[in-house]
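All remarks here apply to the structure that follows.
FYI, side chains are in, hydrogens and waters are out, and symmetry mates aren't considered; it's all heavy atoms of this structure.
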Amino acid sequence: MNASLLRYVAAPLLGLLLSEAHAEFWSVDDQVKAFNTVSSQIARGELQAAESGLTTLQQSIPPSDVRIEQYQRELASAYLRQGQQRLAAHDTPGASQALNKAQRYMAKAPGLRGEYEQALAALKASSPPTPDPVIIARQQAEQAQQQKAAEEKLIAERAKQQAAREAAAKRTAQEAAKAEAAAAAARAPRLIDPTAASSDIPLPMLDTQDRESLRTLLDAVAADVVNFNCAVHIEVREAKDYPFVAALLTARIKKLNPGHTPQLSHVTNPDAVPHLVLTPGQGE
């Protein structure tokens, strides 16, 4: 083959080889860039993004590529450090989440197993103990029983108070009724007929000198005078008897009602039995 023919055949062949090499170069270069991105994300603490990028790379490279395990170890280390930092900050939930993610990659990072176990033990020590369901149920039952007892006690106390109020109201009503009855009894006529124009009340004890009976009678007369505003006409046998009777009656009227001034009149009649004439509604 002459030189011109060789050059004619070799030029296209060389171009084809160079094109394939160029494509392979750019394919490898993209993977390197992707791994570098994962590495940068791990360094910045963007661990979820790094995990996502590494998963995407696993789908596009052979399983035998050792770089995958390398970055899995880096992720294990990064999540372990994150868990330790959150433990130090007393962020128990965050530490638990980070250590759980670190555990995914522990098989690829046996050298970190000791630190991981220590962090896990510290997490368990800092976590509150899981309450016993039996104890919780017992406590809830006791609380419910205590609440029920308190409610029953409150209901009983309220019923007792209500009963006391009702009893007090009943006593008050009874006392008011008694007072009203007493007042009504006090206002009831003793000797007179309030519907009559006047009532005549004999004083025979004045002739017999029965002073006790006279005082008792004048007590009743005074009540009628006050309650029915009676004018009193006194008829006696002797002139000396009038001041005596008037004084006894006035004293009793003032005792019942100090503000009441009785309207008294009198006449002397030796032949008539002493008596009083009470006229309702005629007093001052």
For [X] versus [Y], what's the shortest heavy-atom pair and its separation?
X	Y	value
Tyr116	Met106	CB-SD, 3.8 Å
Val221	Ile201	CG2-CD1, 4.1 Å
Pro280	Ile192	CG-CD1, 4.1 Å
Ala122	Leu87	CB-CD1, 4.0 Å
Val236	Pro274	CA-CB, 4.4 Å
Arg73	Leu112	O-CD1, 4.2 Å

Linking I/L/V/M/F/W/Y whenever their side-chain heavy atoms sit closer than 4.5 Å, directly or via other members, would [X] and [Y] fall into one cluster?
X	Y	answer
Leu191	Leu203	yes
Leu276	Leu217	yes
Val277	Leu248	no

Next on the checklist: With side-chain contact (heavy atoms from CB on, under 4.5 Å) as the criterion, how do Gln118 and Gln84 come out once you've worked through the C-alpha distance, each side chain's angles and the decisive distance to 0.1 Å?
Outcome noted: CA-CA 10 Å; Gln118 290 178 358; Gln84 291 169 334; over 6 Å; no
May I ask you to decide if [Y]'s main-chain N or O and [X]'s side chain share a donor-acceptor pair within less than 3.5 Å?
X	Y	value
Arg86	Gly94	yes
Ser199	Asp193	yes
His266	Leu264	no
Lys254	His260	yes
Ser96	Thr92	no
Ser40	Asn36	yes
Thr216	Glu212	yes

Next on the checklist: For a side-chain contact (heavy atoms from CB on, under 4.5 Å) check, start with the C-alpha distance between Arg215 and Arg252, then their side-chain angles and the critical distance, and finish with the verdict.
Outcome noted: CA-CA 9 Å; Arg215 290 185 176 91; Arg252 283 158 173 74; 3.2 Å; yes
Got more than 12 heavy atoms from elsewhere within 6.0 Å of [atom1], [X]?
X	atom1	value
Gln145	CD	no
Gln161	CD	yes
Arg44	CZ	yes

Next on the checklist: For Arg237, run the side-chain hydrogen bond (donor to acceptor under 3.5 Å, both in side chains) check against Thr268, Asp207, Asn269 and tell me which one passes.
Outcome noted: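 Filter result, single survivor: Asp207.
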Can you measure from [atom1] ([X]) to [atom2] ([Y]) and round to the nearest 0.5 angstrom?
X	Y	atom1	atom2	answer
Asp65	Gln58	CG	CD	10.0 Å
Leu54	Ile42	CG	CD1	7.0 Å
Glu74	Arg67	CD	CZ	12.5 Å
Lys148	Gln146	NZ	CD	13.5 Å

Checklist entry - Hey, are Glu117 and Arg113 close enough for a salt bridge, meaning a charged N less than 4.0 Å from a carboxylate O? => result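 Yes, charged N to carboxylate O under 4.0 Å.
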Next on the checklist: Does this structure show an ion pair linking Asp224 with Arg190, if we count only N-O contacts that are shorter than 4.0 Å?
Outcome noted: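 So Asp224 does not pair with Arg190 through a salt bridge.
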Checklist entry - Passes side-chain contact (heavy atoms from CB on, under 4.5 Å), Phe228 versus Thr279? Steps please. => result CA-CA 9 Å; Phe228 297 96; Thr279 306; over 6 Å; no
Checklist entry - What do the steps show when you test Ser77 against Arg81 for side chain to side chain donor-acceptor pair (under 3.5 Å), and what is the final call? => result CA-CA 6 Å; Ser77 177; Arg81 287 195 305 273; 2.7 Å; yes
Item to check | Steps toward side chain to side chain donor-acceptor pair (under 3.5 Å) verdict (Arg165, Gln162) | outcome: CA-CA 5 Å; Arg165 286 193 293 269; Gln162 180 63 25; 2.7 Å; yes
Item to check | Audit row: Gln41, Tyr71, side chain to side chain donor-acceptor pair (under 3.5 Å) steps and yes/no | outcome: CA-CA 11 Å; Gln41 289 170 333; Tyr71 285 103; over 6 Å; no
Item to check | Pair Arg138, Gln140: side-chain N/O donor-acceptor within cut-off below 3.5 Å | outcome: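 Gln140 and Arg138 do not have a side-chain donor-acceptor pair below 3.5 Å.
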Next on the checklist: Between Leu47 and Gln82, is the side-chain contact (heavy atoms from CB on, under 4.5 Å) condition met? List the steps.
Outcome noted: CA-CA 10 Å; Leu47 304 186; Gln82 188 180 81; 3.8 Å; yes
Next on the checklist: What I'd like to find out is whether the side chain of Arg211 reaches to under 4.5 Å of the side chain of Gln209, using heavy atoms alone.
Outcome noted: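 Counting from C-beta outward, Arg211 and Gln209 do come under 4.5 Å.
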